[in-house]
Structure formats: structure tokens, C-alpha cells
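Comments concern the structure below.
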Amino acid sequence: MNDTTNNLPASSGAALMEKIVSLCKRRGFIYPSSEIYGGINGFWDYGPLGSELKRNVKELWWRDMVLERDDVVGLEATIIMHPKIWKASGHVDTFADMMRECPLTKKRVRADQVEPQSGVIYRWSGAESHASPFKCEKPFAVLLRKGEHPDTARKKAREYYAHGTIDAETGRWKDLELTGETTATAADSVDFHPESGAQLTEARPFNLMFKTFVGASEPAEEAYLRPETAQAIFTQFKNVLETSRQRTPFGIAQIGKAFRNEVTPRNYTFRSREFEQMEVEFFIKPDEVVEAISGKVARASEISNPPSAIANPRSDWGWEAWHKYWVEERIAFYEGIGLPRHSLVEYWQKAEELAHYARATVDILYRFPFSKRNDGGELMGEELEGIAARSDFDLSQHERHSGKPMGVFDEDLRAAWTALPKEKQDALWKRYYENRKKYLVKAGATGDEAHKEATEDANGLPKGQYIPHVIEPSAGVDRLILALICNAYSEVTETDEKGRSETRVILKFHPRVAPIKAGVMPLLKNKPALVKKAMEIRDLLRPWINVFYDDGGSIGRRYARQDEAGTPFCVTVDFETLGEKPELLDTVTVRHRDDGRQERVKISELLNWLMPRVR
RNA sequence: GCGGGUGUAGUUCAAUGGUAGAACGGCAGCCUUCCAAGCUGCACACGAGGGUUCGAUUCCCUUCACCCGCUCCA
């Protein structure tokens, strides 16, 4: 236990990240994008090993989420879509926020979310210095709250005027003379920064979506690069439903690029401006429909028994049960590709953190070296995936904005409904109506409109019609790649007989994700028989798994190279292979990455030996 | 976007107002019977632009990128 990431010194987060970054560059996992031109902030490329790693991860996800399930189908949509989609999804409003800035602290706040404040406004027309020729005539104002001394406001003003001047550096700003002081009272004003009290700048649009133009001739139509892949799934929902022979509950999966003009890309590839997502939108029956068909809705606590196992889906599951199911399913996926449970955090978002569309969201966090620590010194983790219960918000929004119906017809519901007692019908109708009305009001409908539409919606139930709800497990591929690399990173320090100590790096990837599954090498390069046999073995394995042939340098050097690349197995052709000991003819040495252990495997059995270990 | 720091070979570092060295790594060859051995040779760098100067990697300015702290993170 002296060679794993978790035992590296706790304080070395930044130093550890530096080592990981340079390893990634050196071994061809990750390069800065456009590096020969100086790089471009927030963009990263994957090199030979990185692209294999990423391909493996995406393929495993796809296999787990789509190929090995009956109830999820795939989609690959375009990056540029109809601009109205982003209006319907809310991104045009929330991603293009009007922001105001505090001139004192430079902090930015959303223009529509400034807390109203009351107090006395102190205004100045400028400031000048006796000690230097400094003079400034910009107006500045601070809100003085109850109980604060006017000198507090004056101090802030001097700080503001001195900002970036020599006076600020020498500390002489305290002597600045403020000019043109006036006061006024303010009640519930939203013009002042809640923390500093300084008057905020005018609101400016601040757009996190990348804009582009469709069409070569002017005036071209403005469009956006998608800031998430989810909306494509919602907009193609009806097409998929009608062509895939799926019925709720079922999901649509997509892997693809998304783009966000992040304010500050940071932490290596963790927050990139161009990134890839792996998402499923899993469409389920609303709870009222489940209850109509099954007679009851299973509680979340009923499922998954024992707790470590993932329950099999049941027809009486409502959104809570499905949500919990996907949380467990996804954590199992991460464990299955080598992220140990203790490296992950299952974080249930608090009510006030939830996005406007979400009923519940669980974030799966990975404890990155750069993560902040809590009071107990424990890494708190950064989000790899969010699993959101989004109700019927998205499909409803697209129904409203496109005017196209997004509901489904469900024969089971229609049949079940007629068999229900009148009281039950009324109760379910009422609940569905209330939920729809609540959504519609939130979406901006007036009371009357909402009542009318919600009534129509609820009247669909007896006919077997409803708008599905959705559970969305949405993962960031690039974040996961970074987590896998951080998790795999380990060092072994060895002292040789000459007393030299040397630190070697081993990337302990799970064999499933490892870029290279096996290194194939002759023990010695200058023995043609060994080389020939090794090349035969490479050719034998190559159609099935990614192998790497290497005969450069000494055998130890080649092992070390493969350790750094995270290759779980090395296959070595030696003199026994050629029959030096007759009983070992046509066997090879297989060397294990993590502990250097060796075993002999017959060449005829090699592929069957390797395959189950690398998938 | 703000403040602070840093930019020299693939990586980690050094030196210098007169255009740069090392270690490791890489490549080629020799050698090598299992964990970065050795020998020989080769290739590879002053982030970019501008200014000062006879001359700038070095000083100044701008810019870009990276790191840290704020901010942001639907």
C-alpha cells in the first residue's frame, strides 16, 4: 500500500495534477489544442493513447446503456439545430443572462436575481489626491445599511477610486479626498451589490452559448452550437417512438459534442468549452398513469433489496423508483470501469440547488486531486454525471413552442382506466390536472389558459394519452476520462543496488478501458526466431484487441513504457517459447502490470485467456 | 471577467544583453536470457507580436497559454 494514488500526500493536489498533466502530454493522452499557435483556452485534444481510452469509455457506455438493454435505443443528432429549440429549453434565457457587475469587488450577479435592499445611498462625483496629481471624475455610489457608519461607505469609495493606481500600491489611498458627496434614501433597491453595497453596473448580456450563422448569403440566420445534447433527444422523441417500436418506459441514448462558452475554463480538461456528453433520456409514465395501471406506485425505498444490488424494473415504478434505479445503475457503471466506490460521492441536490425543471437531481462526483476539501480534510469531489428527474417539463416545453403534440398513446392506460372506480378516476384526474396546471403557470400561462389546457390534458387520460416524464442520466465523457487517469495514476519508488532511487509511474487502468490491452515483445531483439514468433502473436491478437508490439531497448524498459501507458498485460516471447525446455514449447510469459507477476500461457490459449480479462 | 504567479527540447530544469546546456525521454545501431543496464550516433527548445539596442531568450510593452485565488458553472 505505498504505491496508490490514494496514499500520495494529501496536500499535493496541485503538484499531483502537474505530474498528471505532464504525463498526459508526454505519453500522448492529452495535448493542448492548437498548441503550435499558442493554444486556445478551454480546448484540448486527445493523442493516440487518449483517443483509445476515450473510445473505450464511450463504447462501454453504449454497450451498457443501449446494446445490453431492450429498453434503450440510440440517436445521433446534429450539433446545430433550430434556434427555437434553445428558446423552448430555456437556454436562451438562462444561458444568455443579463449580468451586472460590482465595480468594487468585480463580482458578477444575475440582473434578475439581485436582492432588494434598503438604506442610505452615498454618492460621489469623483475623488482627488493631495499627495499626487491623481484625479478621477467617475461617479460612484454605495448603499449604507442600517447600523453602518458613514465612514464605512467612504472607505469603500476611496478603495474604488484608488483601484489600480499608485496610491493603491503605496496605501496612500486612505488619504484620497472624495468630492461631491450626496445622500439619498433607498427602499428595496436592486441596484446595489448585496455583499459590498456598491452600485452595480448596467446589465449586459452574457452568453454562454456559441453563436454561429447558417447559410452563406447575408442575412444569414443566427444559430447556436448546442450547449447540451439532451434537447435533440426531446425534439426527436416522437420520431423515435414511432420507428423503434418502443413504449414507455424506454430511453433514448446519445453520445456527442456540446459547447459552452465557459467564463473560466479551469482544472485541465475538467471544464472545457468543447466537450462530449453521454446522455440517456429515459421516458416513464407519470405517477398517475402508473397508479391507474398498477393500482399503486412503488416507493423508492421498496426497490433495490439488498441495497447493493440493482433492482429489476417493475411496472409499478414511479419517477422516484426509476430515479433511484438509474442512480444505482450509473454508480455500478463507474465501479465497473475501475472507479472505486470510495472515490465517488453520491450527492443529492438540495431543494434550493435544483434547476427549474428538476424534481430531484443526484450528482455523481469524483474526488479529483483539485477538488476542495471539507472540514474533515476529505476531498469533496466534482461532478461526473447528473441524474435528474425532469418531470414532463422538456416534452411539454417543446409541445408548447413547436405546437406539435408530444404525448403518447398507451393502450394499457385506456384499458385500465375504464376498469377503475369513479372515485379513483376522479382522484387521478385531479392530480394529473394539478401537476399540468402547475407546470403551465410556471411556463407563463395565465390562470385561465392553464386551467383550460390542464383540463384538456387530464381529459386525455381516459383515452390513454399523457406526456411522459423523464429521468436523465447525463455524463461528461471528458471529465470521466480525467477521473480515470487521476484514479489510475500511481507511483512506485524503487532503489536499485547502486543506491539510486527511481520513481516509476504506473497507470492502473481497469483493463476494460486501457488504451492498449497487451504489449507483445520478444525477450531479445537480436534473435530473429524470437522476433518472428512475437510478430506472429501480435498478428494473432490484433484482430481482437488493441495490441502494441515493441522490441526497442531492454525488456525492463519496455515493461516500464507499457506501465506508463496503462497496458494491463505484456506478452513476452522467450527461449522457452522456442522449446528450450520442451514442456514449455509454444508458451509465453504474461506479465501483469500492477504487481509484475508473471505466468505462462500457451499461445493456443492466449486469446481466450486475454479476452475475458480485458472486456 | 478581476487579482497574483509562470512561460527555455517531448518532460523536468540550468545559464546568458553577443542567438543556449544537462538529465530523463525519443529515434537508429551494437549489445542484452525478464522489470527504465551499457556503448555509439542522431534529432529536438528560448509561447507569439512589437519596442529599446550595433545586437534581445535576457530589458520594456502588448498578446496568448498554463497554474493559484475570486467569479462563473443552465
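Throughout, a chain's letter reflects where its sequence line sits, starting with A, and its residues are numbered from 1.
If you check every strand for non-hydrogen atoms under 4.0 Å, A:Arg27 touches nothing. If you check every strand for non-hydrogen atoms under 4.0 Å, A:Asn41 touches sugar and phosphate atoms only. Nucleic acid contact class of A:Ile36 (heavy atoms, under 4.0 Å, all strands): none. Within 4.0 Å of A:Glu580, counting heavy atoms only, lies at least one base atom of the nucleic acid. Among the protein residues, A:Glu383 comes within range of no part of the nucleic acid, since none of its heavy atoms lies under 4.0 Å from any strand. At the heavy-atom level, A:Arg266 lies under 4.0 Å from base atoms of the strands shown. Residue A:Glu228 is classed as a base contact, given a heavy-atom separation below 4.0 Å to a base. A:Glu564 comes within 4.0 angstrom of a base, heavy atoms only. Among the atoms of the strands shown, none is found under 4.0 Å from any heavy atom of A:Tyr37. Looking at heavy-atom distances under 4.0 Å, A:Gly476 makes no contact with the nucleic acid at all.
Rounded to whole Å, the P atom of B:U11 lies 13 Å from the corresponding atom of B:C46. B:G10 and B:U62: their P atoms are spaced 29 Å apart (whole Å). The same atom, P, is picked in B:G47 and in B:U57; the two are 10 Å apart, to the nearest Å. Taking atom C1' in both B:U63 and B:C27, one finds a spacing of 36 Å when rounded to whole Å. As rounded to the nearest Å, B:G50 and B:A36 have C1' atoms that lie 45 Å from one another. The gap from the P atom of B:C31 to that of B:U16 amounts to 44 Å, rounded to the nearest Å. When the P atom is used for both B:G7 and B:A15, the distance is 11 Å, rounded to whole Å. A gap of 24 Å separates the C1' atoms of B:C72 and B:U6, to the nearest Å.
For A:Arg557 and B:A37, the shortest distance from a side-chain N or O to OP1 or OP2 is below 4.0 Å. For B:C72, the OP1/OP2 oxygens have no side-chain nitrogen or oxygen of A:Thr264 closer than 4.0 Å. Of the side-chain N and O atoms in A:Lys25, one or more sit less than 4.0 angstrom from OP1 or OP2 of B:U11.
Note on ring orientation: taking the six-membered ring where Trp is involved, the planes of A:Phe29 and A:Phe509 are tilted (angle from 30° to 60°). Under the 30°/60° scheme for interplanar angles, the aromatic rings of A:Phe368 and A:Phe370 are found to lie parallel. The aromatic rings of A:Phe283 and A:Phe237 sit tilted relative to each other, their planes meeting at an angle between 30° and 60°.
You'll find that the side chain of A:Arg561 is closest to B:C27, out of B:C34, B:U33, B:C27. When each of B:C70, B:U33, B:C68 is scored by its nearest atom to the side-chain atoms of A:Leu523, the top-ranked nucleotide is B:U33. Relative to the side chain of A:Arg591, the nucleotides B:C35, B:U11, B:A36 differ in distance, and B:C35 lies closest.
For the pair A:Arg273 and A:Thr572, nearest-nucleotide mapping onto RNA chain B gives the more 5' position to A:Thr572. Comparing A:Phe43 and A:Asp563 along RNA chain B, the residue whose closest nucleotide (by nearest heavy atom) sits nearer the 5' end is A:Asp563.
A cation-pi contact, defined as under 6.0 Å to the ring centre and within 45° of the axis, is absent between A:Arg266 and A:Phe270.
Taking atom CD on A:Glu18 and atom C1' on B:U12, their separation rounds to 11 Å, with Å as the unit. At whole-Å resolution of the value, CZ in A:Arg600 and P in B:C34 are 12 Å apart. Atom C1' of nucleotide B:C68 and atom CZ of A:Phe270 are separated by 17 Å, given to the nearest angstrom. The nearest whole Å value for the distance from the CD atom in A:Glu502 to the P atom in B:C24 is 10 Å. One interatomic measurement links the two molecules: CZ of A:Phe370 to C1' of B:C66, which rounds to 15 Å at whole-angstrom precision. Look at CZ on A:Arg26: it is 22 Å from P on B:C44, rounded to the nearest Å. Straight-line distance from the OH atom of A:Tyr559 to the P atom of B:U32: 18 Å, rounded to whole Å. The CG-C1' distance, from A:Leu23 to B:G26, rounds to 15 Å in whole Å.
Using a cut-off of 4.0 Å between Lys/Arg side-chain N and Asp/Glu carboxylate O, A:Asp563 and A:Arg591 are scored as salt-bridged. Note on A:Glu564 versus A:Arg561: no salt bridge recorded, every NZ/NE/NH1/NH2 to OD/OE distance being 4.0 Å or above.
Test A:Lys508, A:Lys19, A:Arg504 against A:Glu491 for salt bridge (charged side-chain N to carboxylate O under 4.0 Å, His left out) and you get one pass: A:Lys19.
At a cut-off of 3.5 angstrom, counting only N and O atoms as typed in the model, there is a donor on one side and an acceptor on the other between the side-chain of A:Gln598 and the base of B:C34.
With both pairing distances under 3.5 Å, B:G25 is matched to nothing as a Watson-Crick or G-U wobble pair. The pairing partner recorded for B:C70 is B:G1, the criterion being a Watson-Crick or G-U wobble arrangement whose two distances lie under 3.5 angstrom. In this entry B:C30 has B:G38 as its Watson-Crick or G-U wobble partner, both defining distances falling under 3.5 Å. For B:G18, the paired nucleotide is B:C54, the pair qualifying as Watson-Crick or G-U wobble because both relevant distances are below 3.5 Å. In this structure, B:U6 forms a base pair with B:A65, meeting either the Watson-Crick or the G-U wobble geometry with both donor-acceptor distances under 3.5 Å.
A:Asp478 contributes no side-chain N or O that, together with a main-chain N or O of A:Ile481, makes up a donor-acceptor pair within less than 3.5 Å.
Considering every non-hydrogen atom in both A:Lys25 and A:Tyr31, the closest pair reads O-CE2, 3.7 Å. The two residues A:Val280 and A:Pro473 make their nearest non-hydrogen contact at O-CD, 2.9 Å.
At a threshold of 4.5 Å between non-hydrogen side-chain atoms, the residues A:Lys533 and A:Ile603 count as touching.
For RNA chain B, the neighbouring residues in residues 525-538 of chain A, judged by any heavy atom under 4.0 Å, are A:Lys525, A:Asn526.
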